[in-house]
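This report refers to the structure that appears directly beneath it.
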Amino acid sequence: LSKSFNGRVAWTPTAKQTLSGEWYLRQTGTAFITRIIYSRRLADSLRASMGWNWITGQTDDPIGPYSVNSFLNWQLRYSF
């Protein structure tokens, strides 16, 4: 996003778990996107993640019409 404030924060309480959050706020305050993810290592090469994405904005902002696209996600990743 151009002309926006963004940030990321992550917390790793153990070697197997991570909780992270990212956000993007348009400089004018007309749009906001955030993502919160919890990730856990299940085995040496297997990781599961669950998260929530939230999109909001005013109708005159290009991001605004996508506010109905907020969703939960789940991912299972295998690394070899």
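Scope of the values below: all heavy atoms of this structure, side chains included, with no hydrogens, waters or symmetry mates.
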Would a hydrophobic clustering, with Ile, Leu, Val, Met, Phe, Trp and Tyr connected at side-chain separations under 4.5 Å, put [X] with [Y]?
| X | Y | value |
| --- | --- | --- |
| Trp52 | Leu76 | no |
| Phe5 | Ile33 | no |
| Trp23 | Ile37 | no |
| Leu19 | Leu42 | no |

Could you state the interatomic distance from [atom1] ([X]) to [atom2] ([Y]), rounded to the nearest 0.5 Å?
| X | Y | atom1 | atom2 | value |
| --- | --- | --- | --- | --- |
| Tyr38 | Trp11 | OH | CH2 | 9.5 Å |
| Arg26 | Ser4 | CZ | OG | 7.0 Å |
| Tyr78 | Asp44 | OH | CG | 10.0 Å |
| Met50 | Gln75 | CE | CD | 12.5 Å |
| Thr14 | Arg40 | OG1 | CZ | 6.5 Å |
| Ile36 | Ser20 | CD1 | OG | 9.0 Å |

*Is a side-chain donor-acceptor pair under 3.5 Å present for Arg47 with Ser39?*
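Ser39 vs Arg47: donor-acceptor pair found between side chains.
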_Test item: Ser70 side-chain N/O and Ile55 main-chain N/O as donor-acceptor pair under 3.5 Å_ =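 Checking the backbone N and O of Ile55 against the side chain of Ser70, a donor-acceptor pair under 3.5 Å is found.
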*Can you tell me if Thr34 uses its side chain to pair, donor with acceptor, with the backbone of Glu22 under 3.5 Å?*
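Answer holds: yes.
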*Taking atom CG of Asp60 as the centre, report whether more than 12 heavy atoms of other residues, nucleotides or ligands fall under 6.0 Å from it.*
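Result for CG/Asp60: enclosed.
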*Do Trp54 and Phe32 have ring centres separated by under 6.0 Å?*
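Trp54 vs Phe32: aromatic centres under 6.0 Å.
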*asked:* On a heavy-atom basis, which atom in Gln17 and which in Thr12 lie closest, and how many Å separate them?
replied: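 What the structure gives for the nearest pair is O-CG2, 3.2 Å.
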